[in-house]
Amino acid sequence: MLIRSKNFNIAQIANSGQCFRMNEISENKFSMIAYGTYIELEQLDEETVNISCSEEDFHERWVEYFDFKYDYDRIVKELIQGKDQFLKAAAEYGKGIRILKQEPFEMLISYIISQNKNIPSIKNCIERICERYGEKRRSDQGEGVTYYTFPSPDRLAKASAKDLRELKLGYRDEYIINAAQAVVQGELPLEKLMGCSFEEAAAVLKKIRGIGNKVANCILLYGLHHIEAFPVDVWIAKVLKEIYDNRFDVKIYDGYAGIVQQYMFYYMRNLKGV
DNA sequence: ACCCAGGCCTGGA
DNA sequence: TCCAGGCATGGG
C-alpha cells in the first residue's frame with residue numbers, strides 16, 4: 001500500500017522518541033509492532049512510504065494510527081512562516097513527524113518505564129516485557145518474522161514483583177503492576193479518558209503512583225491523543241531554558257502544543273548530536 | 001570511571 | 001510552593 005504525503009517520514013517518526021517499537025531493519029525500511037500486528041514501512045522517497053498492509057487494513061486501522069486526518073502541513077507552514085526562528089528551523093527539520101495514536105495501555109506502561117532512562121534503554125525494557133508477558137506471534141512478512149505483542153492489562157496485573165524485577169526495570173516494577181491493576185479494576189479507565197477534558201484526564205492519571213506531570217502528559221499526548229499536552233522532559237527543559245530563557249508561552253500554540261513540542265524535542269536532540 | 005537518561009516520591013524548608 | 005536527595009539500571 002503506497003502512501004503519498006508531504007508530512008510522513010518514517011525515520012523521523014521512529015527517532016522522535018514517541019514510539020519505542022519502531023526499528024530500522026534495513027536502509028530506509030522500518031518494522032513496527034502495534035495493535036498486535038507487525039508491519040513494515042519503507043520510505044521510497046521524501047513523500048512516499050510503502051506500508052506492508054492491504055488497502056482495507058490501512059483504512060480500518062492505520063489511517064487513524066498515523067493521524068492522517070489531521071493537517072500537519074498547516075502546522076508546519078504556520079511555524080515556518082512564523083516569527084519564532086527556533087520553531088521555524090525545528091518545523092522545517094522535522095516536518096515528516098506525526099503524532100501517532102498509540103495504544104493507551106502500552107503508552108501508560110511505556111512512559112512509566114521511561115522515567116530517568118534514555119531511549120535505547122526504554123526500548124530494551126519494553127521488549128523484555130513483551131517477550132515475557134506478550135503473545136508470541138508469527139508474521140508472514142518477508143521470510144517470516146517472530147514477534148511479541150505488548151501484554152494486556154490483565155497479564156501485567158497478575159505479574160509478580162519478583163518476576164518483573166528480573167526484567168531490570170529497577171524501582172519501576174511496582175509502579176507497573178499497580179498501574180495495570182488500576183486499569184483492570186476500572187480505577188483508571190483509559191478509553192474513557194480520551195473523551196474527558198485534558199485537565200480531568202491528567203488529574204486521574206496523576207493519582208497513579210509513578211505518574212507525575214511529565215509522564216501524564218506523554219500518556220495524554222501519545223496514548224489518549226490530547227494533542228494540547230506539552231510534556232517537559234530534560235530535552236524540552238533545555239529548549240525552554242537555552243532558547244527561550246524560560247519565557248516560552250505555550251498558550252500561543254493552544255490546542256496543538258504537543259505537536260510543537262515534538263518538533264522541539266526532535267530538533268534539539270539533533271542540535272546536541274544525539 | 002563517570003555522568004546522565006522523555007522523572008517521581010518523600011521529607012523538609 | 002519549591003528544593004535535595006534517593007532511587008535501580010543501562011547507555012554513551
Side-chain angles (χ1 to χ4, degrees), chain A residues 12-24 90 93-94 97-104 106-132 150 159-180 182 188 202-244 246 248 250 257-274:
Chain A
Q12 289 183 8
I13 292 171
N15 296 320
S16 68
Q18 61 174 310
C19 54
F20 303 110
R21 304 199 73 197
M22 191 183 282
N23 295 299
E24 187 162 26
Y93 182 71
I97 298 175
R98 313 180 74 83
I99 305 291
L100 307 184
K101 294 189 180 180
Q102 302 181 72
E103 288 176 86
E106 181 173 339
M107 293 301 97
L108 171 71
I109 302 301
S110 295
Y111 280 96
I112 286 176
I113 291 171
S114 78
Q115 62 185 76
N116 213 29
K117 275 186 166 301
N118 57 32
I119 292 173
S121 175
I122 298 165
K123 287 183 160 191
N124 289 332
C125 285
I126 291 173
E127 285 312 309
R128 283 197 292 272
I129 285 192
C130 294
E131 283 168 22
R132 176 71 178 75
F150 195 87
S160 73
K162 181 171 159 292
D163 288 348
L164 269 186
R165 182 130 301 210
E166 290 173 14
L167 302 182
K168 305 294 182 184
L169 303 165
Y171 59 88
R172 304 163 190 80
D173 48 10
E174 45 193 69
Y175 293 165
I176 292 167
I177 295 173
N178 177 260
L188 182 56
V204 173
L205 284 169
K206 286 194 226 173
K207 281 193 293 187
I208 305 295
R209 277 183 62 81
I211 302 183
N213 196 48
K214 189 271 170 182
V215 167
N217 271 273
C218 284
I219 297 167
L220 284 159
L221 180 56
Y222 305 124
L224 306 178
H225 212 66
H226 278 281
I227 58 169
E228 65 268 50
F230 190 83
V232 179
D233 72 320
V234 292
W235 291 99
I236 296 296
K238 267 197 245 291
V239 172
L240 299 185
K241 182 161 184 277
E242 294 178 18
I243 309 295
Y244 296 97
N246 287 329
F248 181 74
V250 195
I259 297 175
V260 172
Q261 175 270 155
Q262 200 64 49
Y263 298 138
M264 281 180 167
F265 179 85
Y266 183 67
Y267 185 53
M268 190 56 164
R269 281 167 58 89
N270 171 260
L271 288 182
K272 298 288 183 181
V274 179

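Order of the sequence lines fixes the chain letters, A, B, ..., with proteins taken first and strands second; residue numbering starts at 1 for each chain.
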So [Y] and [X], do their side chains get closer than 4.5 Å, heavy atoms only?
{"X": "A:Y111", "Y": "A:F20", "result": "yes"}
{"X": "A:V232", "Y": "A:N217", "result": "no"}
{"X": "A:I129", "Y": "A:I176", "result": "yes"}
{"X": "A:S110", "Y": "A:F150", "result": "yes"}

- Task: Say whether A:Y266 and A:Q18, considering side chains only, have a donor N or O and an acceptor N or O under 3.5 Å apart.
- Result: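 Note: A:Y266 and A:Q18 side chains miss the donor-acceptor criterion.
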- Task: Determine whether the side chains of A:K168 and A:N124 contain a donor N or O and an acceptor N or O closer than 3.5 Å.
- Result: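 Not at all, the side chains of A:K168 and A:N124 share no donor-acceptor pair under 3.5 Å.
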- Query: Expressed in whole Å, how much space separates the P atoms belonging to B:dG6 and C:dC2?
  - Reply: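 Roughly 25 Å separates the two P atoms.
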- Task: For C:dG10 versus B:dC9, give the span between their P atoms, rounded off to a whole number of Å.
- Result: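 Looking at atom P only, C:dG10 and B:dC9 are 23 Å apart.
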- Message: Partner lookup for C:dG10, please. Criteria are Watson-Crick or G-U wobble with both distances under 3.5 angstrom; report none if nothing qualifies.
- Response: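 In the structure as shown, C:dG10 has B:dC4 as its Watson-Crick or wobble partner.
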- Task: Taking only Lys NZ, Arg NE, NH1 and NH2, and the carboxylate oxygens of Asp or Glu, determine whether A:E103 and A:R21 approach each other closer than 4.0 Å.
- Result: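 Not counted as a salt bridge, because no side-chain N and carboxylate O are separated by less than 4.0 Å.
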- If you round to the nearest 0.5 Å, how far is CG of A:L164 from CZ of A:R128?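 Interatomic distance, A:R128 CZ to A:L164 CG, rounded to 0.5 Å: 11.5 Å.
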- Query: What are the bounds, 5' to 3', of the part of DNA chain C that sits under 4.0 Å from heavy atoms of chain A?
  - Reply: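 Both ends considered, the range comes out as C:dC7 to C:dG12.
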- Item | Annotated protein contacts, base or backbone, on nucleotides 2-9 of chain B with a non-hydrogen cut-off under 4.0 Å, one of B, S, - each | ---BBBSS
